[in-house]
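Structure record follows, encoded as structure tokens.
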Protein chains: 2
Amino acid sequence: MAQKEAQQRRPSIHDVASHAGVSAATVSKVLSGVTTVKPENAQRVLDAVELLGYRVDPLASDMRRAKRRIIGAIMPEFESEFFGQMVSELEGLAEQRGYTLVAASSRESEAREKEILARMHDWRVAGVVLAPVRNEHGPAAAFMKANGMTGVLIDRVLADDAFDTVSADSAAASAEVARALVGMGHRHVLVVGLGEQAATVRARLEGFRRTALELAPDIRIDVVLCESDVGPLRALLHDYFSKGTERPTAVYSLFLKGTLVALSEFRRRGWHCPNDISLVGFDDAEWMQVTWPAIAAVVQPVREIATNAMEVLFRRIEGEGGPPTARLEPCKVLMRESVGSPGSVPHSGGGDRQ
Amino acid sequence: MAQKEAQQRRPSIHDVASHAGVSAATVSKVLSGVTTVKPENAQRVLDAVELLGYRVDPLASDMRRAKRRIIGAIMPEFESEFFGQMVSELEGLAEQRGYTLVAASSRESEAREKEILARMHDWRVAGVVLAPVRNEHGPAAAFMKANGMTGVLIDRVLADDAFDTVSADSAAASAEVARALVGMGHRHVLVVGLGEQAATVRARLEGFRRTALELAPDIRIDVVLCESDVGPLRALLHDYFSKGTERPTAVYSLFLKGTLVALSEFRRRGWHCPNDISLVGFDDAEWMQVTWPAIAAVVQPVREIATNAMEVLFRRIEGEGGPPTARLEPCKVLMRESVGSPGSVPHSGGGDRQ
DNA sequence: ATGAAAGCGCTAACAG
DNA sequence: CTGTTAGCGCTTTCAT
């Protein structure tokens, strides 16, 4: 037999009503916690609900309401630990308030990002958490603005004049990385990154540069940056090291993919961290503490970002006014074995134990 | 001004109808591609749609239809590359057919899994792609069965008598790993894994054992397996190596987390792959080819699993009958530098180039 | 304290 | 070819 036929018609609110001998309106009241119902009737409703296994149809319910209890989340991708954790956190937070999270991935495309947003608008979502592909000036944010949608911008954004923003404090973290590297004696650092249009990537670069130059005015900072995909970056980095310029003593990657590309390039050349070159990357990942050497990384406060984003989003949904806020959450910097003093012997021991 | 007030009321189908001077029904027909509409009127409708920026409300539309154009996806977690890719693929596939994917994570909890499924049922999803926490015998699958839901089971499942299943051919991949390790001379292998209740983990273990014993009847296969979380596994593995039994020449991890735990344990003991011990893991990850040594891994055919799962799911949604099918997609085994012959010098060179 | 009535935005059956 | 009618399952006035 086809599964299709097994699809039972679920009991509706009217079924419950007739079983309880009341009207649908009363059932609705009981279920939404209105107290003006005679206790006896309320009980009969509850019994009928139990008996029939009735559950409200959230879509039908939202239909009649002003706002639908759906939150949209748009992430550049689902494949990385960072955005995976983010979706997971947002999901839990939305659930806590009785909302459903509908997540979609823009696949690093601004065109797709806008399309998804339009679809979310079609769904009449109550609010959107948008992690833009580039920054706050993309077509998606413009669309949200134009259509009066409520939303929060996270991650690749620092501040906006129309929406609240929440992201990691990239500049501060980069400054800390700079302090660490300069403190260890590095005077020639390569900064490598993807997405030069991303506000945060620029903040990461500038945060590093400013502090490094402050502490060591003679420091040499090379920069290999490209927009778009990881492929070109790989080529650029290869060229950089092939040019025969003096080899930097450390590489600071502003992006997870950059860290991978850097490692890959080191492999190809047979360089080992930290003897031949040091490496720190923005974005931590589980594997970074089990490899040898363990890779130093800036840990973004995913949970804090998610929590604050949802908090401010729900305040807006509930109609709170006021100018947009811009939050920056502090990162943690984990200096692991991939970083050492230039020209020194590697230090021994494991990565961070847990 | 509060963002809330900026929320414009979107044009409804009636707005379009009156602008075009036709009825709502006609608008609906034009938009759903019914050809029996006078071209002139159709054009006026299209113009009005354009003018007003009208878009169908998918929820309202689904309300009236028999089945809602929503596919539910339930994954054990969102944080890993594997499930991230899976959600991404499923999202694209659902979109292609005009469906929306609503993904949720069970967080490795069977209780939560069932709750989510109930919520999906409340949403009247047309179908569900379920990657069960353990196997096909969990409460979630039972719930689906009991409620006549349409669905496919993927990943941690081999076959089922009620639902179609699609997963990686774990046994074949494990056999290939066995052939490789035995072929290189390994005669003492530790197999380590999480989730002994998962059908696939058992298949991976047995696939390995059978082939290994066939090729080398004298081989010693130790097994460290535990249900539940990664913490206990770490402890078990530590105990295993501390017991002073002879050290195996290779470790085969049946699960990504197991690979991480194994690496972490090797670190702690100062063992290097492949000189001190070889390592192969089920599940590939991007980082595995950039570390030194690159980590050998079994690559699951995510895209194929997703594609076939969606294909069979939509066939069921469209009412196709017949007994449940069970598909197994072949994996690829990438023997990288973490594997070598026992007691030999490490081979030189990079990981897989791209 | 309760129910009848009126929709939310849309589609499907059926007359015309 | 088109419009009317009747809902999908629910919530919300508004009388009673």
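Protein chains get the first letters and strands the later ones, always in sequence-line order, with residue 1 at the start of each.
Spacing between atom CZ of B:Arg64 and atom C1' of D:dC10 amounts to 15 Å, rounded to whole angstrom units. Residue A:Asp15 contributes atom CG, which lies 13 Å from atom C1' of D:dC10 at whole-angstrom precision. Atom CZ of B:Arg65 and atom P of C:dC10 are 12 Å apart (whole Å). In this structure, the CG atom of A:Asp62 is 15 Å from the C1' atom of D:dC8, given to the nearest Å. With rounding to whole Å, B:His14 atom NE2 is found 11 Å from C:dT11 atom P. As rounded to whole Å, 20 Å separates atom P of C:dC10 from atom CZ of B:Arg124. Taking atom CE of residue A:Met63 and atom P of nucleotide D:dT12, one finds them 14 Å apart after rounding to whole Å. Spacing between atom CH2 of B:Trp123 and atom P of D:dC10 amounts to 15 Å, rounded to whole angstrom units.
DNA chain D is contacted by both B:Ala25 and A:Pro58; B:Ala25 maps to the nucleotide lying nearer its 5′ end (nearest heavy atom per residue). With DNA chain D read from its 5' end, the first of the two nearest nucleotides for B:Asn41 and A:Ile13 is the one closest to B:Asn41. Nearest-nucleotide mapping onto DNA chain C: of B:Arg55 and A:Thr36, the residue sitting toward the 5' end is A:Thr36. Residues B:Leu59 and B:Lys29 both approach DNA chain C. Their nearest nucleotides, taken by heavy-atom distance, put B:Leu59 toward the 5′ side.
Comparing D:dG9, D:dG7, C:dG9 against the side chain of B:Arg9 picks out C:dG9 as the nearest. The side chain of B:Val37 has D:dT2 as its nearest neighbour among D:dT2, C:dA6, C:dC10. Side-chain proximity of A:Lys38 to the nucleotides C:dG3, C:dA1, C:dC10 is greatest for C:dA1. Listed nucleotides D:dC10, C:dA12, D:dT2 differ in distance to A:Asp57; the shortest reach to its side chain belongs to D:dC10.
Under the 4.0 Å criterion applied to side-chain N and carboxylate O atoms, A:Arg107 and B:Glu91 are assigned as salt-bridge partners. With respect to B:Asp164 and B:Arg327, no salt bridge is recorded, no charged nitrogen being found less than 4.0 Å from a carboxylate O. A salt bridge between B:Glu95 and A:Arg112 is present, with a side-chain N of the basic residue lying under 4.0 Å from a carboxylate O of the acidic one.
Residue A:Thr26 places at least one side-chain N or O under 4.0 Å from the OP1 or OP2 atom of C:dG3. Residue B:Ser23 places at least one side-chain N or O under 4.0 Å from the OP1 or OP2 atom of D:dG3. For the pair A:Ser61 and D:dC10, the criterion of a side-chain N or O lying under 4.0 Å from OP1 or OP2 is not met.
If you check the side chains of B:Ser23 and B:Thr26, you find a donor sitting under 3.5 Å from an acceptor. Side chains of B:Ser88 and A:Glu77: a donor-acceptor N/O pair is absent below 3.5 angstrom, by distance only.
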